[in-house]
Amino acid sequence: MADKKENTPALKRSWFQELKAEFGKITWPTKKNLFRQSVAVIVVAVLLGVMIVLLDYLISFGLGYILV
């Protein structure tokens, strides 16, 4: 017959206890790091937006020159 596996009793914890334990493992950024990363994201987003606008303008100018 089938062999019986010996199961060790697992520690029963509630979902909230496990959630609290997981939150304890998180390394939260410092205010300085958070500020620097936020500024970097905003600067990159603005630069990317400017690049897209310039590229759109150049393409529309080029197509206007070719098609007219």
Atom pairs and distances, donor-acceptor, side-chain atoms in residues 59-68, under 3.5 Å, two or more places apart:
{"residue": "S60", "atom": "OG", "partner": "D56", "partner atom": "O", "Å": "3.2"}
{"residue": "S60", "atom": "OG", "partner": "Y57", "partner atom": "O", "Å": "2.9"}

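Screening V50, I52, V46 for a side chain to side chain contact (heavy atoms under 4.5 Å, CB included) involving L48 leaves a single residue, I52.
Through chains of ILVMFWY side-chain contacts below 4.5 Å, V39 is grouped with F35, V43, L47.
V53 and I42 are assigned to two separate hydrophobic clusters, defined by single-linkage of ILVMFWY side chains at heavy-atom distances under 4.5 Å.
Applying the side chain to side chain donor-acceptor pair (under 3.5 Å) test to K25 and every residue at least two apart in sequence or in another chain returns E22.
Remark: W28 CH2 to F23 CZ distance equals 5.5 Å, nearest 0.5 Å.
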